[in-house]
Amino acid sequence: MIMLRTALILTGLTAFSLQAFAGGPVYTYRHELPPAIARLHSCIGPHQRTLRDPEPWHVGKRRMFRVGCPENAPDINRLPHRDDTGHVRKPDDDPDHFQSMVYYLADDARGRHARRLVLPYPRADGTMLMTDAFDEELDIGWSSRANTSLASGLAYLDLTGTAIQPPGEFMVATRIVPVDRPEIKNVFAMWRVRKDKAELIYWAETRETLPKDAPSHQSPPYEIVLDKRPGR
């Protein structure tokens, strides 16, 4: 559940690369955030320190900001995620390593008209949870059915910037180890964002994990549960 680590990439997905935000995370206070984002970022107090990426990311003509929320913070709905790494938390562990991240879409680098990115998550009981805080990094790009790995059969995001996509639209993807599905070892999920509203368009899950000495080109077998990506 360590938020600052690089998002887990399953072996064999050589076509899938992380989209890094500009620069590494820096400490910031709420009053140092752009005013529109500071008003929305109520998971910390006015004088409480958190982590954020120093520069917003370009998403088409818009900007995306990534700001941390402390563990067990109020006013957020975390994407349900369990930690299967076996990490045992120590008393001297830095609590900032257990932050979740919130993403804001804004019109410009000053954060004007900022809105929090919210992703729908289908619970195992059939209900929908609207999530806005994430333990694993979100990757941003575009994917069509052509962006499918021949090695694993899984979708991946085209992060080169050459993909043709409708103006104002983009996709986000992440990996989930679902809390409410103990039999599922990993999920790769993807959402399409249009007019600041996200729709789940891809869900692939596996019930297996590879042994530690497995070749790097291998990946466990996945079942494609949902695939609503465009044809091209």
Side-chain angles (χ1 to χ4, degrees), residues 1-9 17-81 83 85 87 89-121 129-141 157 159 161 168 170-176 191 193 195-198:
M1 213 167 62
I2 299 174
M3 186 54 215
L4 298 182
R5 69 189 176 210
T6 303
L8 176 63
I9 303 255
S17 61
L18 283 178
Q19 173 154 327
F21 280 69
V26 298
Y27 284 110
T28 188
Y29 292 89
R30 185 172 169 181
H31 70 271
E32 295 175 324
L33 298 171
I37 293 176
R39 287 192 294 270
L40 296 173
H41 203 67
S42 56
C43 66
I44 59 173
H47 304 293
Q48 187 175 2
R49 189 178 73 168
T50 188
L51 285 165
R52 71 160 175 168
D53 282 283
E55 298 293 336
W57 185 256
H58 290 245
V59 182
K61 295 182 178 180
R62 307 190 72 196
R63 300 294 182 269
M64 181 174 281
F65 296 77
R66 192 176 73 156
V67 189
C69 284
E71 187 178 19
N72 302 318
D75 300 327
I76 57 172
N77 290 314
R78 291 175 54 251
L79 184 69
H81 183 93
D83 184 3
T85 64
H87 173 78
R89 190 164 178 176
K90 303 177 180 61
D92 59 347
D93 278 348
D94 187 345
D96 289 334
H97 291 172
F98 298 88
Q99 286 191 350
S100 54
M101 285 289 170
V102 173
Y103 295 75
Y104 295 98
L105 279 169
D107 288 348
D108 54 32
R110 291 183 293 172
R112 291 192 302 172
H113 304 123
R115 295 184 64 179
R116 189 178 292 186
L117 180 66
V118 178
L119 302 182
Y121 170 80
L129 174 66
M130 305 306 290
T131 63
D132 58 9
F134 310 96
D135 293 339
E136 297 293 344
E137 184 172 313
L138 300 184
D139 298 302
I140 304 168
L157 287 174
L159 307 178
F170 61 94
M171 294 178 185
V172 296
T174 193
R175 300 193 179 278
I176 311 163
W191 292 262
V193 182
K195 297 181 179 179
D196 292 349
K197 294 187 67 174

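Because only heavy atoms are used, hydrogens play no part in the values below, and waters and symmetry mates are left out as well, while side chains stay in.
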Least distance between heavy atoms, Asp135 atom then Ser100 atom: OD1-CB, 3.7 Å
Gln99 and Glu71, any side-chain heavy atoms less than 4.5 Å apart: no
Side-chain heavy-atom pair Met64, Pro56 within 4.5 angstrom cut-off: no
Test item: Asp75 side-chain N/O and Cys43 main-chain N/O as donor-acceptor pair under 3.5 Å: no
Non-hydrogen atoms of Asp139 and Leu157 that approach each other most closely: O-CD1, 3.5 Å
Validation row: Trp191, Thr174 side chains within 4.5 angstrom (heavy atoms): yes
Heavy-atom donor-acceptor pair, Arg30 side chain to Ala38 backbone, under 3.5 Å: yes
Point-to-point distance, once rounded to the nearest 0.5 Å, from CG of Asp196 to CZ of Arg116: 13.5 Å
Minimum side-chain heavy-atom gap His81-Leu79 below 4.5 Å: no
Distance in Å, Tyr29 OH paired with Thr50 OG1, rounded so as to fall on 0.5 Å steps: 11.0 Å
Atom pair OG1 (Thr131) and CG (Leu119), whose distance is rounded to the nearest 0.5 Å: 5.0 Å
Note, Asn77 side chain near Met130 side chain (heavy atom, < 4.5 Å): no
Point-to-point distance, once rounded to the nearest 0.5 Å, from CZ of Arg49 to CG of Leu51: 7.5 Å
Non-hydrogen side-chain atoms of Ile176 and Tyr121 separated by less than 4.5 Å: yes
Residues Arg62 and Asp107 bridged, charged N to O under 4.0 Å: yes
Heavy-atom pair of closest approach, residues Ile44 and Pro70: CG2-CD, 3.4 Å
Which atom of Val102 lies closest to which atom of Cys69, heavy atoms considered: CG2-SG, 3.6 Å
Side chain to side chain, Asp83 and Phe98, heavy atoms closer than 4.5 Å: no
Carboxylate-amine/guanidinium contact Asp53 Arg66, below 4.0 Å: yes
Inter-residue atom distance Leu117.CG - Tyr104.OH, 0.5 Å rounding: 11.0 Å
Short side-chain to backbone donor-acceptor contact, His41 and Gly68, under 3.5 Å: yes
Spatial distance of atom CD (Glu55) from atom CZ (Phe65) [nearest 0.5 Å]: 9.0 Å
Under the side-chain contact (heavy atoms from CB on, under 4.5 Å) test, residues paired with Arg52 that sit two or more places apart: Val26, Thr28, Leu33, Pro34, Val67
Exercise: identify the closest heavy-atom pair between Leu40 and Ala114: CD1-O, 3.4 Å
